[in-house]
Amino acid sequence: MVEPAFDVVVVGASLAGCTAAALYARRGLSVALLESSPDEGAYKKVCSHFIQASATPTLQRLGLAERLEAAGAVRNSGRLWTRAGWFSLSPGEEAGLPEYGYSLRREKLDPLVREWARDTPGVTLRMGHSARELLRSPHGSICGVEGVGPAGAFSLRARLVVGADGRRSKIAQLAGIEPQVLPHNRFGYMAYYRNLPLAFGNDAQLWLLEPDIAYAFPNDGGQTLLACFVSKARLADFRRDLEGQFVSLFDALPDGPAIRKAERVSSFIGMIDLPNLYRRPTAPGLALVGDAALASDPVWGVGCGWAFRSAEWLVEHTADAIREPASLRRGLARYRKEHKRRLLPIHRLNAGFSVAGPMDPVRRWLFSTAPHEPKLARHIGRFTAERVSVFALVVQGLWRVLWSKLTTGRRPSPIGGSALISLSRKG
Ligand SMILES: Cc1cc2nc3c(=O)[nH]c(=O)nc-3n(C[C@H](O)[C@H](O)[C@H](O)COP(=O)(O)OP(=O)(O)OC[C@H]3O[C@@H](n4cnc5c(N)ncnc54)[C@H](O)[C@@H]3O)c2cc1C
């Protein structure tokens, strides 16, 4: 039998891949980290990089939080607007758990994370190396990758291959792992602006306009990212006059930013098709992390955090098992279960909302009560920080709605039922 050259080969040196590589190496394993881009400064352009508070404990454990802060990352939090008004999405103070996430542009974030992984003893970073094929053992399990690098074709054997190669994952495709696809009926455009003060200072703003969505995220370097996700029914209008449509949408927002007075400092970045994708994250000898395993509606800003966290879970469950095939199988099964348990319910909720249809009654009741019920708002904030489950959100949330109704006599919703239907009929 040929001895593997590395314990682990990780394909893709972005957020998920660098995290997996550095953490395996910290556990004493030898890791090859392959990246198809030849440029160590390369970064993902189509991302609004709002890293949720749920990822902050992981970033702190990795030692990345302080590097992000040193690079100028903004400690983020957000406010949500529905037709019933604004409420804060802060999860509130909890013992040992930070209330904030981070916002740092990917042009800074990606090189910073790559440099951190590259400098971790035990990691061999190979830029300009594209994986093209998987190697398989006589029993069919995956045991390495083949590809092309600056010096020509390469072949690397490993005990575990990690696919961290993004939403279009070639590695998943080669392994025969088909994505479960849930439709996404909005397209998106975004751009960066300077001199754009926001209504709530450093708090990000998210408008649920039904069916469209807009957001404003403050970032490092005094740059604010504006993005809109619009029902595909309006795509032709945006294609005809992108800037005009974008500016009018932001102009009309309640408490919206003064977009006409600000300076746009980037071109518009567009994304037309954003299907929600889930892939079973393991196969014999293989694990998928980050977007390769789960690419959920970007509106909710979960992907970067899930990239860091899924890589951490994978290493936690497999690092000590890698040299013994039966233990590795069990470790991979534990990772698959944890990934599914933690992320799939939220992903399904996100996907349900991304069809751009009317708001479901539960969401409507919660969102319409939260602006005048601070406890409910905090509960929703704790859900977005993934400190309570979907089930707990629904049960406790509806109890809060009922409580509010009983104690204040308020009707469930200024945006509720018939009010909303009549608004949408008019519009
Ligand atoms: C419009 C939009 C807005 C978003 N906004 C947010 C947000 O506000 N907050 C948030 O948390 N998330 C957001 N996301 C999601 C976020 O961008 C992703 O979840 C995150 O980048 C996933 O990281 P990753 O490391 O898994 O994959 P990626 O960042 O996609 O990296 C994959 C890497 O693999 C490399 N690669 C690919 N194929 C190969 C190969 N064959 N060989 C070698 N290397 C390869 C690529 O070059 C790349 O470096 C957004 C996404 C979109 C589309």
Side-chain angles (χ1 to χ4, degrees), residues 9-21 32-55 59 76 78 101-106 109-111 113-114 117 125-134 145-149 154 156 161-174 184 186-190 204 206 213 215-217 219 225 227-229 269-277 279 281 288-311 343 347 350 354 384:
V9 171
V10 179
V11 179
S14 179
L15 309 183
C18 288
T19 304
L33 175 57
L34 311 180
E35 170 54 50
S36 55
S37 169
D39 174 11
E40 276 198 35
Y43 64 95
K44 186 169 188 277
K45 311 282 183 302
V46 189
C47 183
S48 47
H49 40 75
F50 187 96
I51 308 177
Q52 297 282 353
S54 52
L59 291 171
N76 65 29
Y102 287 107
S103 289
L104 182 67
R105 285 171 298 146
R106 294 288 297 248
L109 176 67
D110 292 21
V113 172
R114 197 169 290 127
L125 173 62
R126 294 189 177 167
M127 299 300 297
H129 283 65
S130 289
R132 301 260 169 99
E133 290 296 339
L134 290 173
V145 298
E146 287 182 335
V148 179
F154 67 84
L156 282 177
V161 172
V162 177
D165 51 343
R167 64 156 50 231
R168 292 199 181 86
S169 183
K170 172 94 178 161
I171 294 298
Q173 188 196 329
L174 291 169
H184 190 292
R186 296 187 181 97
F187 62 90
Y189 280 100
M190 60 195 209
L206 176 66
I213 291 170
Y215 53 68
F217 292 166
N219 277 280
L225 180 131
C228 62
F229 291 85
I269 302 161
M271 39 263 152
I272 307 304
D273 290 311
L274 295 160
N276 299 283
L277 305 175
R279 297 184 179 93
L288 303 175
V289 287
D291 272 14
L294 183 52
S296 203
D297 183 2
V299 162
W300 299 103
V302 290
C304 297
W306 288 2
F308 290 116
R309 291 165 67 213
S310 58
L343 304 186
H347 169 65
N350 293 349
S354 70
T384 60

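Counting starts at 1 for both ligands and their atoms, following the listed order.
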**OP:** Please name all residues satisfying salt bridge (Lys or Arg N to Asp or Glu O under 4.0 Å) with R105, sequence neighbours left out, ordered by chain then number.
**Re:** E107, D220

With the criterion set at N/O pairs under 3.5 Å, what does the list of contacts between the protein and ligand 1 look like, atom names and distances included?
unit_1, atom_1, unit_2, atom_2, d
ligand 1, 5 (N), S48, N, 3.0
ligand 1, 5 (N), S48, OG, 2.8
ligand 1, 8 (O), S48, OG, 2.7
ligand 1, 8 (O), H49, N, 3.2
ligand 1, 8 (O), F50, N, 3.0
ligand 1, 9 (N), F50, N, 3.3
ligand 1, 9 (N), F50, O, 3.0
ligand 1, 11 (O), F50, O, 3.4
ligand 1, 11 (O), G301, O, 3.4
ligand 1, 11 (O), G303, N, 3.2
ligand 1, 11 (O), C304, N, 2.7
ligand 1, 12 (N), G303, N, 3.3
ligand 1, 12 (N), C304, N, 3.2
ligand 1, 17 (O), K44, NZ, 2.9
ligand 1, 17 (O), R106, NH1, 3.4
ligand 1, 19 (O), D291, OD1, 2.6
ligand 1, 19 (O), D291, OD2, 3.3
ligand 1, 19 (O), G303, O, 3.3
ligand 1, 21 (O), R106, NH1, 2.8
ligand 1, 21 (O), R106, NH2, 3.3
ligand 1, 25 (O), L15, N, 3.2
ligand 1, 25 (O), A16, N, 2.9
ligand 1, 26 (O), D291, N, 2.9
ligand 1, 29 (O), S14, OG, 2.7
ligand 1, 29 (O), R106, NH2, 3.2
ligand 1, 31 (O), S14, OG, 3.4
ligand 1, 41 (N), A131, O, 3.1
ligand 1, 42 (N), A131, N, 3.0
ligand 1, 44 (N), S36, N, 3.1
ligand 1, 47 (O), E35, OE2, 2.6
ligand 1, 47 (O), S36, OG, 3.4
ligand 1, 49 (O), E35, OE1, 2.7
ligand 1, 49 (O), E35, OE2, 3.3

**OP:** Please check if the side chain of N276 supplies one atom and the backbone of L274 the other of a donor-acceptor pair under 3.5 Å.
**Re:**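 No; zero donor-acceptor contacts below 3.5 Å.
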
**OP:** Would you mind listing every salt bridge (charged side-chain N to carboxylate O under 4.0 Å, His left out) that reaches into residues 291-308, with sequence neighbours excluded?
**Re:** none

**OP:** May I ask you to check whether D273 and H184 show a side-chain donor-acceptor distance below 3.5 Å?
**Re:** no

**OP:** With D165 as reference, evaluate V10, L34, I171 under the side chain to side chain contact (heavy atoms under 4.5 Å, CB included) test and give the passing residue.
**Re:** I171

Subject >> salt bridge (Lys or Arg N to Asp or Glu O under 4.0 Å) partners for R114, two or more places apart >> reply: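 Partners of R114 by the salt bridge (Lys or Arg N to Asp or Glu O under 4.0 Å) criterion come out as none, since no residue qualifies.
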
